[in-house]
Amino acid sequence: MDHDHEHRDGKPGHSEPGGIQARVRALETILTEKGLVDPRALDRIVDAFETKIGPRNGARIVARAWSDPEFEVRLLADATEAANSMGFSSPVGAHLIAVENTPETHNLVVCTLCSCYPWEVLGLPPVWYKSAPYRSRAVMEPRAVLAEFGVALPPDTQIRVWDSTAETRFLVVPMRPPGTQGWSEERLADLVTRDSMIGTGLAKSP
Amino acid sequence: MTSLDAAFLGLPREAEGPVFREPWEAQTFALTLALHRAGVFPWSEWAAMLAEEIKRAQAAGDPDTGATYYRHWQATLERMIVAKGLSNARTIDRYSSAWAQAAHRTPHGTPIELAPKDF
């Protein structure tokens, strides 16, 4: 066999015939032959994550919470239900908790063990969220991490770090920027960035 | 975020980049979700196994910057499939070699299809 065509995966000591692409295809073939997966269902999953599920969903939730005090109460009481009511539910049945930023408290979300993340409202996590430096430093020195993201908080603002699990995921509700009175939900949603809902950013100012 | 930040942070950064960087990342992700939906494993079991795989890779020298994340994902999926008795390591290796062979004999730009002669 011509080894130029193999994709080495760079893990010394691991013999993995075929390279990563061939290995993924192998699993798909094996599982399809067993009738455990349907290739069309796989395409639908990929399509949903590439085109429908993303931080725009979370931004709409935050914008509604900013605009509708009753919804805000519901969101903070039971975010799973509030997100469901807008058509967003966890693909893996995880519980969603919304944590609200205030002048006194800033919330920051991490998954120290792997990459648990509220897919239904934020899509799939960015690479840095999955990296060892973020996973460890967010807990040990959150203020320094925030500073590196360009977020400078007043010294008396407390930072709460939330560690996600397979069952429990967190959505940060950032503070509504001043100067946005009377804005529509749609316009407000444009101010809500992905990072502001992880806690590594603030909502954009108009 | 600017690339300047990324340079002195040591944190890998990206803007709103593509969800999956390569098709195989999307495929291993979708396979896992499909198996979970088929009731093969609860998500908590998946997360625990993935965390273990990441820790193991890190101990073996993986820089764990997030760039190799879906490789860990794929390794976890292989382990899960074996653990649940859906296949075994030998079969997975055999099919992988066959797919590599199919890719090798297929001219560039043509869809790769697995044939009995690849095994």
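Predicted model, so just to flag it, every value in this text is computed and none were measured. First the proteins, then the strands, lettered A, B, ... as listed; each starts at 1.
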- Message: Given heavy-atom pairs under 4.5 angstrom as the criterion, report whether the side chain, backbone, both or neither of Arg37(B) touches chain A.
- Response: side chain

- For Leu114(B), is it the side chain, the backbone, both, or neither that has a heavy atom closer than 4.5 Å to a heavy atom of chain A? side chain

- Item | Toward chain B, the part of Glu28(A) with a non-hydrogen atom under 4.5 Å | both

- Message: Under 4.5 Å from any heavy atom of chain B, what part of Val92(A) do you find: side chain, backbone, both or neither?
- Response: both

- Message: To the nearest 0.5 Å, what is the distance between NZ on Lys130(A) and CD1 on Ile54(B)?
- Response: 9.5 Å

- Separation between CG of Leu31(A) and CG of Leu77(B), rounded to the nearest 0.5 Å: 7.0 Å

- Quick one: are Pro23(B) and Val46(A) in side-chain contact, heavy atoms under 4.5 Å? no

- Item | Residue Glu52(B) versus chain A: region with a heavy atom under 4.5 Å | neither

- Between CD of Gln21(A) and OG of Ser96(B), what distance do you get to the nearest 0.5 Å? 12.0 Å

- Message: Given heavy-atom pairs under 4.5 angstrom as the criterion, report whether the side chain, backbone, both or neither of Leu31(B) touches chain A.
- Response: both

- Note on the structure: Nearest heavy-atom approach of Ala166(A) to Trp43(B) is CB-O, 4.0 Å

- Message: Does any backbone or side-chain atom of Arg135(A) lie under 4.5 Å from a heavy atom of chain B? Answer side chain, backbone, both or neither.
- Response: side chain

- Using non-hydrogen atoms and a 4.5 Å limit, figure out which bit of Thr91(B) sits close to chain A: side chain, backbone, both or neither. both

- Task: Check each atom of Ala67(B) against the heavy atoms of chain A and say whether the ones under 4.5 Å are side chain, backbone, both or neither.
- Result: backbone

- Query: Hey, does Ile20(A) have a side-chain heavy atom less than 4.5 Å from the side chain of Tyr70(B)?
  - Reply: no

- Message: Are the side chains of Glu33(A) and Tyr95(B) in contact, using a 4.5 Å heavy-atom criterion?
- Response: yes

- Message: How close do Ala34(B) and Val37(A) get, counting heavy atoms only, and between which atoms?
- Response: CB-CG1, 3.9 Å

- Query: Rounded to the nearest 0.5 Å, how far apart are CG of Leu27(A) and CD of Gln27(B)?
  - Reply: 11.0 Å

- Message: I need the residue from Asp38(A), Thr112(A), Leu113(A) with the largest number of non-hydrogen atom pairs under 4.5 Å to chain B.
- Response: Leu113(A)

- Item | For the student: nearest non-hydrogen atoms of Trp119(A) and Leu33(B), plus distance | CZ3-CD1, 3.8 Å

- With a 4.5 angstrom heavy-atom cut-off, could you sort out which part of Ile92(B) is near chain A: side chain, backbone, both or neither? both

- Using non-hydrogen atoms and a 4.5 Å limit, figure out which bit of Glu25(B) sits close to chain A: side chain, backbone, both or neither. neither

- Between Thr29(A) and Trp99(B), the two heavy atoms sitting closest are OG1-NE1, 2.8 Å

- Side chain, backbone, both or neither of Ile45(A) within contact of chain B (heavy atoms, under 4.5 Å): side chain

- In this structure, CD of Gln74(B) is separated from CZ of Arg23(A) (nearest 0.5 Å) by 7.0 Å

- Query: Relative to chain B, which segment of Leu36(A) carries a heavy atom at a distance below 4.5 Å: side chain, backbone, both, or neither?
  - Reply: both

- Between atom CH2 of Trp73(B) and atom SG of Cys114(A), what is the distance when rounded to the nearest 0.5 Å? 8.5 Å

